Amino acid sequence: MRVFITGVSSGIGRVLARQLIAAGHEVWGVARREHQLKELRQELNSSKFFYSVCDVKNEKAVLKLREEMMKSGYFPSMFILNAAVDIEEPLPHLSTEISRETLRTNLEGALILVNLFIDHCLGKENCQFIAISSLFAHWPDTSSVAYAASKAGLTMAFRSLRLRYREFGVLFKVVYLGPVDTEINPRFAKQDGEKARYWVTSPENASRFIIKSASKPGHTFYYPWYVSVLIQLFGWLPDGLFEAITRSFKR
Ligand SMILES: NC(=O)c1ccc[n+]([C@@H]2O[C@H](COP(=O)([O-])OP(=O)(O)OC[C@H]3O[C@@H](n4cnc5c(N)ncnc54)[C@H](OP(=O)(O)O)[C@@H]3O)[C@@H](O)[C@H]2O)c1
């Protein structure tokens, strides 16, 4: 299978590339940090891994990337929209710049990708887009207001896309993740010497789950299990109560 992944320079995206290549698939990955991409290329040492330096917010750059892929005959059947930023905004100030960067990367960047590649998927069998979402698509995040909004927006966009393209056979799946030990959020990244926290999962486990979701029927997936409970069963909790319960887990 040919896979396209955004955000392969670190964290879950990097592990996804590693696991998919090990399973014999081809991967074209993008991110902004060239050094990390080169390093991954060296580590994988595989003719099945391709990469481009590309900022998903930049529509012209994504258009150029699409041309490059099509020219080389690389037609993905799976698109994993994983690139994101989560920038902490210490109280009491808010920054328009941070809000814009977050919404443009996490929401607009994903939609640019769908908009530019949807035509290529129409009429093809088993073409799917997978959005990597978060518990914060359903619950407020006081540390990063725009992050929660971007994930809620991405999720709703995918719900609409799923219905819109149902008759064309293109699948739109959403994977909701709980805290993962990566660099996106220092609150969840394991510090040297620190014991593993049971509620924070590893990027390896998260990636394995995402890959499994790709071959499963259904469109909405939760990992780990408690994310499903918090979203589906405790959705009725008042926001303030949820915030109070989870506050100690966040710091
Ligand atoms: N870690 C968690 O606790 C957690 C929880 C729920 C959901 N998630 C979701 O999981 C996904 C992966 O995050 P992660 O935890 O693996 O974090 P990460 O290690 O920070 O990875 C984020 C990736 O996105 C890329 N990226 C950011 N802005 C970009 C842009 N404008 N253009 C292209 N690439 C860009 C980064 O690469 P460059 O900086 O090189 O561009 C990096 O490769 C995200 O969607 C995140 O929201 C994570």
Side-chain angles (χ1 to χ4, degrees), residues 4-19 27-41 51-62 64-65 79-88 98 100-113 129-139 141 143-144 146-155 157-158 173-190 197 199-207 209-210 213 221-224 226-228 230-231 246 249-251:
F4 175 82
I5 310 173
T6 63
V8 289
S9 60
S10 61
I12 299 165
R14 193 178 176 103
V15 179
L16 275 168
R18 209 178 275 150
Q19 292 180 353
V27 170
W28 194 308
V30 301
R32 295 164 302 174
R33 287 171 293 173
E34 188 166 14
H35 178 68
Q36 272 83 347
L37 290 170
K38 276 190 180 154
E39 226 178 52
L40 180 61
R41 175 90 179 85
Y51 74 81
S52 302
V53 176
C54 178
D55 184 333
V56 297
K57 304 190 295 293
N58 183 340
E59 189 171 9
K60 276 195 189 141
V62 181
K64 200 166 146 230
L65 165 72
F79 297 80
I80 305 180
L81 307 183
N82 164 78
V85 292
D86 179 1
I87 307 162
E88 187 150 5
I98 290 179
R100 189 178 296 126
E101 175 71 12
T102 308
L103 288 164
R104 287 196 62 210
T105 306
N106 303 6
L107 177 57
E108 191 182 329
L111 290 182
I112 288 175
L113 256 307
F129 290 85
I130 301 178
I132 307 304
S133 190
S134 159
L135 184 57
F136 292 120
H138 280 265
W139 287 103
D141 182 6
S143 307
S144 177
Y147 180 76
S150 71
K151 291 297 180 183
L154 177 65
T155 302
F158 261 57
K173 297 182 178 177
V174 176
V175 177
Y176 293 94
L177 297 177
V180 185
D181 177 7
T182 67
E183 63 190 49
I184 198 169
N185 191 327
R187 288 178 284 165
F188 304 140
K190 191 162 156 267
R197 289 161 292 179
W199 46 274
V200 178
T201 192
S202 68
E204 285 75 18
N205 285 344
S207 168
F209 181 83
I210 294 166
S213 311
F221 303 89
Y222 306 90
Y223 189 81
Y226 67 79
V227 173
S228 155
L230 285 172
I231 289 178
T246 55
F249 295 129
K250 291 184 187 168
R251 309 191 207 288

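Counting convention: from 1, in listed order, for ligands and their atoms alike. The structure displayed is predicted, hence computed values, not measured ones.
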**Request:** For Phe221, enumerate each residue passing the ring pair (Phe, Tyr, Trp, His ring centres under 6.0 Å) test, keeping only those at least two apart in sequence or located in another chain.
**Result:**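 If we apply the ring pair (Phe, Tyr, Trp, His ring centres under 6.0 Å) test to Phe221, skipping adjacent residues, there are no hits.
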
**Request:** Using modelled atom types only, decide if a donor and an acceptor are shared between the side chain of Glu204 and the backbone of Val15 within a distance under 3.5 Å.
**Result:** no

**Message:** Testing the 3.5 Å rule here: is there a donor-acceptor pair between the side chains of Arg33 and Ser10?
**Reply:**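 Yes, a side-chain donor-acceptor pair sits under 3.5 Å.
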
**Request:** Could you label the plane-to-plane angle of the Phe4 and Phe79 rings as parallel, tilted or perpendicular, counting under 30° as parallel and over 60° as perpendicular?
**Result:**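 It falls in the tilted class, 30° to 60°.
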
**Asked** Heavy atoms under 4.0 Å from ligand 1: which residues qualify?
**Response**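 Lining ligand 1 at under 4.0 Å, by heavy atoms, one finds Gly7, Val8, Ser9, Ser10, Gly11, Ile12, Ala31, Arg32, Arg33, Cys54, Asp55, Val56, Lys57, Asn82, Ala83, Ala84, Val85, Thr105, Ile132, Ser133, Ser134, Tyr147, Lys151, Leu177, Gly178, Pro179, Val180, Thr182, Glu183, Ile184, Phe188.
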
**Asked** Listed by chain and number, what are the side-chain hydrogen bond (donor to acceptor under 3.5 Å, both in side chains) partners of Lys173, not counting sequence neighbours?
**Response** Gln128

**Item:** Residue list, salt bridge (charged side-chain N to carboxylate O under 4.0 Å, His left out) with Glu39, at least two apart or on another chain
**Value:** Arg14

